[in-house]
There are 2 protein chains.
Amino acid sequence: MTDPIAPDDTETSQQACLKAILRMAGLRVTRQRMALGELLFTGERQHVNADELHQKAIAARANLTLATVYNTLHQFSRAGLLREVTVDAGSTYFDTDTSNHHHFFVEDDKQVLDIHPGAMSFDGFPEPPEGMEITHIDVVVRLRKISS
Amino acid sequence: MTDPIAPDDTETSQQACLKAILRMAGLRVTRQRMALGELLFTGERQHVNADELHQKAIAARANLTLATVYNTLHQFSRAGLLREVTVDAGSTYFDTDTSNHHHFFVEDDKQVLDIHPGAMSFDGFPEPPEGMEITHIDVVVRLRKISS
DNA sequence: ATGCCTGCAAAATATTTGCATGTAA
DNA sequence: TTACATGCAAATATTTTGCAGGCAT
């Protein structure tokens, strides 16, 4: 048996990079995390929910359960590799772009899009109630497709 | 048997008012809607989720199921008597104040609070993508209790 | 060895649907 | 009477938990 985690002749530099990311985040390198990491952090930044990611993982022949996808998404979030975005009551979305920005949400097809940072800003912040402090401000601009 | 819906000697003006509201919204007057309407539209404006409202209804000796609470909340929303607020992925909240305003959300105890209109405003709106129009802008200011 | 970390089955939670029944016209 | 509205049991959807087994030390 060969160790599936140790570097070998067939390892791509992308995979090596992903391992480094996981280790830096304090997470063990496992088959499941490599598969999900590859889907999440390769190519374009994106917004996924657990179910979509699970479907992609299955399509990519990774063998893992939806529960593992949920747990991994939360671990990645806690590690700062993802940011959770609350745009739809139906399901939780995760954003691979963890920088400070806001979102469009297309209600028709449940699609999350980034709002370019600087495209909007606040005139003033509301005073938080006694004994409270602001942790984060989320803006969701809801969109509808124009039916012409 | 007396009709429980027809006005009678024991009907309060509040109940009469509620009936008028339901009829104006195009909804039939039923025992369940009267009970929920009384809990929602009497007294202070408030933010509830389905489960909380169901608990209150049970405490008020109204006999109805959680499914009915969900359906009624959605009917009231469609009729413009409530506004749905997406602040927490865990569950959907409904606001009895349907005017345009934003929300604080206390993460520690899942509490929704109104931000006074005018306490914050935007410097500029982002341009929606081609073929889309803005339906609504939601701002959620997330709060944490200061641990001193 | 040993004790923390993993991934998943099963449980818990949240919401929607389908249909028997009730009700207005 | 008739057709549509209503409320709820059951189904579905979403998320979390508990624990058997794996892995680093």
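A, B, ... follow the sequence lines: proteins, then strands. Residue 1 opens every chain. Given the structure is predicted, the values throughout are model-derived calculations rather than measurements.
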I need the A/L73 CG to A/L36 CG distance, nearest 0.5 Å. 7.0 Å
For D/dG7 and B/R33 - does any side-chain N or O of the residue sit under 4.0 Å from the phosphate oxygens OP1/OP2? yes
Where at least one partner belongs to residues 58-68 of chain A, residue pairs that pass side chain to side chain donor-acceptor pair (under 3.5 Å), sequence neighbours excluded: A/T65-A/T68
Along DNA chain D (nearest heavy atom to each residue), the more 5'-positioned of B/R28 and A/R28: B/R28
note: B/L73, atom CG; D/dG7, atom P; distance rounded to Å ~ 13 Å
Do A/I115 and B/F125 belong to the same hydrophobic cluster, where Ile, Leu, Val, Met, Phe, Trp and Tyr are linked whenever their side-chain heavy atoms lie under 4.5 Å apart, directly or via other members? yes
D/dT15 OP1/OP2 closer than 4.0 Å to side-chain N/O of A/T92: yes
Starting from P on D/dC4, measure out to CG on B/L27 and report it in whole angstrom. 17 Å
If you compare every side-chain N and O of A/Y70 against the phosphate oxygens of D/dT16 (OP1, OP2), does one of them come in below 4.0 Å? no
Between A/T72 and B/A67, which residue's closest nucleotide on DNA chain C lies nearer the 5′ terminus? A/T72
Using whole Å, what does the distance between atom C1' of nucleotide C/dT21 and atom CZ of B/R31 come to? 14 Å
What contact category does B/D51 fall into here, base, sugar-phosphate, or nothing, at under 4.0 angstrom with non-hydrogen atoms? nothing
Just how far, in rounded Å, is C1' of D/dA13 from CD of A/E52? 14 Å
For the residue pair A/F41 and A/F76, categorise the inter-ring angle as parallel (less than 30°), tilted (30 to 60°) or perpendicular (more than 60°). tilted
When you measure from the side chain of B/R142 to the backbone of B/V87, do you find a donor-acceptor pair of N or O atoms at a distance under 3.5 Å? yes
Apply side chain to side chain donor-acceptor pair (under 3.5 Å) to B/H103 and list each qualifying residue two or more places apart in sequence or on a separate chain. B/D95, B/H101, B/D114
Could you check how far CG of B/L66 sits from P of D/dA10, rounded to whole Å? 15 Å
B/Y70/B/H54 aromatic ring centres below 6.0 Å: no
Could you check whether A/N71 gets within reach of a base, just the sugar-phosphate, or nothing at all, counting any heavy atom under 4.0 Å? base
For the pair made of CG in B/N63 and P in D/dG7, what is the distance, rounded to whole Å? 13 Å
Nearest-Å distance, CD (A/Q55) to P (D/dA13)? 12 Å
Between the first and last five pairs of the helix from C/dA1-D/dT25 to C/dA25-D/dT1, the angle of the axes, rounded to 10 degrees: 10°
At less than 4.0 Å, is any side-chain N or O atom of B/S91 found next to OP1 or OP2 of C/dA14? Yes or no. no
On DNA chain D, more 5' by nearest nucleotide between B/T65 and A/H74 is B/T65
Nucleotide C/dC8, atom C1' - distance to CD of A/Q75 in whole Å: 13 Å
D/dA5 phosphate, OP1 or OP2: any side-chain N/O from B/T30 under 4.0 angstrom? no
When rounded to the nearest 0.5 Å, the distance separating CD of B/Q111 from NZ of B/K145 is 7.0 Å
